[in-house]
Amino acid sequence: MIDKLNEPQREAVTLPAQHALVLAGAGSGKTRVLTTRMAWLIQTGQVSPLGILAVTFTNKAAREMVARVSSILPIDTRGLWIGTFHGLCNRMLRAHHRDAGLPQAFQILDTADQLAAIKRLLKANGIDDEKYPARDVQRFINGAKEDGLRPGDVEAHDSFRRRLIEIYTLYEKQCQREGVVDFPELLLRAYELLARNEPIRSHYQRRFRHVLVDEFQDTNTLQYKWLTLLAGGGASLFAVGDDDQSIYAFRGANVGNMADFERDYARGTVIRLEQNYRSFGHILDSANALISHNNGRLGKNLWTEQGEGEQIRVVEQPTDLLEAQWLVDEVRGLISDGRDRSQIAVLYRSNAQSRVIEHALFSSGIAYKVYGGLRFFERQEVKHALAYLRLMANADDDTSWMRIVNFPPRGIGARTLELLGDQARAYDTSLSSAVARVPGKGGSNLAQFATMIQRLAAETRELPLPEMVEHVIDQSGLIAHYQQDREGADRIENLKELVTAAAAFVSEANLDGLPAGVALQAPATGEFMGTEPGEGESSVASDALRVGFDGLSPLMAFLSHAALEAGDNQAQAGQDAVQLMTVHAAKGLEFDAVFITGIEEGLFPHENSILEQAGLEEERRLMYVAITRARERLYFSLAQSRMLHGQTRYAMRSRFLSEIPDEHLKWLTPKQGLSDSEPRWKSGGGSFDPYARNPKSSVVSAAPRSVTSGVTVGAQQFRVGQGVRHARFGEGTIIGLAGSGIDAQAQIQFREVGAKTLALGVAKLDIIQS
DNA sequence: TCCAGGCCCGTTTTT
DNA sequence: CGGGCCTGGA
């Protein structure tokens with residue numbers, strides 16, 4: 001098990017029971033260490049599988065961990081507490097719902113549901129949504145929760161914030177009444193449960209002897225508190241992470257947790273995994289050089305035994321279109337060299353960049369796959385179907401009610417819903433309970449809808465889950481509705497896919513054939529997890545330790561699953577395709593060949609980040625992540641101008657480029673900023689090839705100075721040698737001209753920012769001397 | 001109730 | 001430029 005590990009890996013895996021921080025560089029075998037440690041702890045008899053808790057951020061990572069542990073050691077993985085923060089907290093809250101003050105069948109709101117709930121709240125309370133936009137309110141509430149703060153804990157500096165706190169209070173009341181819980185609430189509730197309930201806390205503290213955390217640099221304040229509380233009874237906290245790959249500060253991650261953890265818990269037990277098994281030397285050294293510009297790092301230097309490999313190929317193009325065109329040509333070359341398309345990744349800083357690249361790939365018929373976008377359970381029609389199911393399980397779920405009360409349309413308009421809302425508010429009940437008090441036609445339509453939901457629930461209660469789902473998508477009228485829609489075919493397809501998903505879930509969870517609407521009395525899996533051998537079985541234990549879904553119906557279990565795991569990104573599935581994604585989405589992945597595009601100031605680093613040091617350093621880490629995705633070949637590309645927000649913007653090279661030593665870079669276009677020789681530059685001196693000479697010599701000596709050729713664009717006449725002024729780049733001299741009319745381009749040597757190639761039809765230039 | 005057209009805005013994202 | 005959202009008119 002451990003003999004194939006390198007020295008630091010083995011040290012980490014076989015560390016005695018104590019707190020430890022493992023600084024695991026990119027490609028250094030992080031997951032391997034984590035899973036081997038679990039297997040080693042179990043195999044050496046130091047802990048039973050029941051005494052381990054392992055936390056990750058994504059379901060994918062959790063699944064992989066389970067798979068790898070069970071491949072090392074044949075154990076029953078159902079007994080393992082391996083999962084995401086949210087998944088594990090959900091499990092605890094279901095088991096202790098009474099102590100947590102929740103109905104057992106509480107529903108989980110995803111981000112979109114939460115936003116809808118907040119909008120409804122703002123409207124119901126007549127809150128000015130100009131001053132308090134739902135998005136901002138959501139950010140405020142989630143931010144507070146992620147810091148572990150309830151409304152009473154948030155400091156109210158001014159009246160604006162006081163109002164936000166009031167809204168937060170109202171929102172909590174609404175969620176409580178509806179029996180719903182948002183994502184950060186899952187964590188906060190679970191934390192408070194442990195913090196306030198001594199028997200439950202000490203039960204879990206005694207049970208989990210080893211707590212292991214993946215991607216520790218991404219934890220937020222609340223997650224850190226939850227972990228240290230859980231491990232507070234003498235358990236060992238084994239945290240694995242890489243501060244240089246912390247790229248999620250914008251959603252609450254606190255890199256500082258790593259340093260805090262080292263100081264307060266690990267106390268010098270820090271193991272560095274620095275040998276990289278992924279990339280060649282030039283790539284690693286570039287990454288090391290770049291990241292060394294950050295301050296306050298825990299410190300780490302990647303190395304490899306693989307040799308130098310190739311330099312990074314750098315290309316600068318005049319426009320984003322040409323950048324994409326060049327990329328397509330290069331990708332085509334890689335493919336004809338026999339590389340798998342799926343081993344080629346095109347990375348970008350922001351999603352907006354993908355359009356031009358997709359267009360170019362599409363036009364040239366290269367198969368590609370874009371990551372990101374809507375996932376299965378987030379699709380409109382799937383959410384509609386789930387809303388029916390949720391309402392059947394919990395009639396008080398107003399968010400689901402509002403989503404489908406008039407979908408498909410059944411003559412329930414805004415006026416009726418307003419009346420219904422008034423009644424619900426007046427009596428402080430759910431919308432569903434207020435139906436009887438709405439008079440007239442609207443009232444009877446509402447009653448009909450409410451009856452339909454009840455009828456659906458009654459009719460399907462005893463059916464297996466997949467049949468229940470099938471019945472609902474049919475009887476609700478969803479299928480019929482989309483059949484009338486010209487573009488509804490895909491949606492119907494997805495609704496049918498939901499039935500398949502339910503079937504897969506049921507078989508995975510061992511719930512085959514059970515009545516979907518009936519709470520499971522016996523442990524669903526037939527397993528009783530028990531406590532550590534020899535420990536007594538308190539009432540807490542017997543309540544908490546059943547695996548899975550005791551007390552929940554298969555339907556409820558499925559709904560939780562749908563909320564906690566939004567499913568695949570549904571990037572066009574199938575064949576071998578070039579991989580397109582943001583740098584964020586690429587974290588954790590690796591490819592033989594990687595293109596990092598748009599390496600320009602303002603884009604990467606992004607303009608919104610460069611004003612603050614913390615922001616800039618996160619951008620640098622992002623670049624570090626991007627570079628370390630590549631195994632063999634890495635490309636940097638940038639465009640001097642690109643279309644953004646409907647207008648052409650000019651950019652300078654990213655500062656990150658200059659933070660990487662020249663020896664690692666191989667410029668495919670001239671380093672000094674001349675564009676590609678295509679089209680050929682007019683110059684007075686006959687043939688001039690900017691590449692043929694010494695590409696590293698300064699522009700001034702390499703550029704032609706002749707004044708014999710000129711170009712006319714609109715009313716302006718340009719010629720080489722002319723002085724011009726640009727609004728952004730300042731003053732400069734034209735050193736080359738190409739093309740004619742609106743396609744004309746000029747190379748200009750600017751005094752401040754160096755050489756640029758500008759499209760004369762687009763750039764606004766003043767001629768300052770002839 | 002529904003749709004069209006105007007308007008605003010524009011990093012990164014998992015659960 | 002393009003997408004999402006809201007509003008106003010039929």
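Within every chain, numbering begins at 1; the chains are lettered A, B, ... in the order of the sequence lines, protein sequences first and strands thereafter.
At least one side-chain nitrogen or oxygen of A:Thr582 sits closer than 4.0 Å to the OP1 or OP2 atom of B:dT13. A close approach under 4.0 Å does occur between a side-chain nitrogen or oxygen of A:Asn351 and OP1 or OP2 of B:dT12.
Annotation: salt bridge (charged side-chain N to carboxylate O under 4.0 Å, His left out) contacts involving residues 241-256 of chain A, sequence neighbours excluded, comprise A:Asp242-A:Lys300, A:Asp244-A:Arg297, A:Asp244-A:Lys300. Within the structure, no pair that satisfies the ring pair (Phe, Tyr, Trp, His ring centres under 6.0 Å) test touches residues 102-130 of chain A, not counting sequence neighbours.
A:Arg139 meets the side-chain hydrogen bond (donor to acceptor under 3.5 Å, both in side chains) test with A:Asp136; sequence neighbours excluded. In this structure, the side-chain contact (heavy atoms from CB on, under 4.5 Å) partners of A:Ser354, at least two apart in sequence or on a different chain, are A:Tyr348, A:Glu358. With sequence neighbours excluded, the residues that form a side-chain contact (heavy atoms from CB on, under 4.5 Å) with A:Asn445 are A:Ile412, A:Lys441, A:Gln448. For A:Asn394, the side-chain hydrogen bond (donor to acceptor under 3.5 Å, both in side chains) criterion is met by no residue, not counting sequence neighbours. Residues meeting the side-chain hydrogen bond (donor to acceptor under 3.5 Å, both in side chains) test with A:Gln138, sequence neighbours left out: A:Gln114. With sequence neighbours left out, the side-chain contact (heavy atoms from CB on, under 4.5 Å) criterion links A:His359 to A:Ser363. For A:Val66, the side-chain contact (heavy atoms from CB on, under 4.5 Å) partners at least two apart in sequence or on another chain are A:Thr77, A:Ile82.
Contact detail for A:Gly411 and A:Asn406: the closest heavy-atom pair is N-OD1, 3.3 Å. Between A:Asp214 and A:Ala61 the shortest heavy-atom distance is OD2-CB, 4.3 Å.
By the 5.5 angstrom centroid cut-off and the 30-degree plane limit, A:Phe250 is classified as stacked against the base of B:dT12.
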Could you list, one pair per line, each protein nitrogen or oxygen that sits under 3.5 Å from a nitrogen or oxygen of nucleotides 1-4 of chain B, together with the distance?
residue, atom, partner, partner atom, Å
B:dT1, OP1, A:Asn406, ND2, 2.8
B:dT1, OP1, A:Ile412, N, 3.4
B:dT1, OP1, A:Ile412, O, 3.4
B:dT1, OP2, A:Ile412, O, 3.4

Where do N or O atoms of nucleotides 6-10 of chain B meet protein N or O atoms at under 3.5 Å, pair by pair?
residue, atom, partner, partner atom, Å
B:dG10, N3, A:His645, ND1, 3.3

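What separates CG of A:Leu186 from P of B:dT15 is a distance of 13 Å, to the nearest Å.
Chain A approaches DNA chain C within less than 4.0 angstrom (heavy atoms of the protein), and the contacting nucleotides run 5' to 3' from C:dC1 to C:dG2.
Comparing the P positions of C:dC5 and B:dT12 gives a spacing of 16 Å, expressed to the nearest Å.
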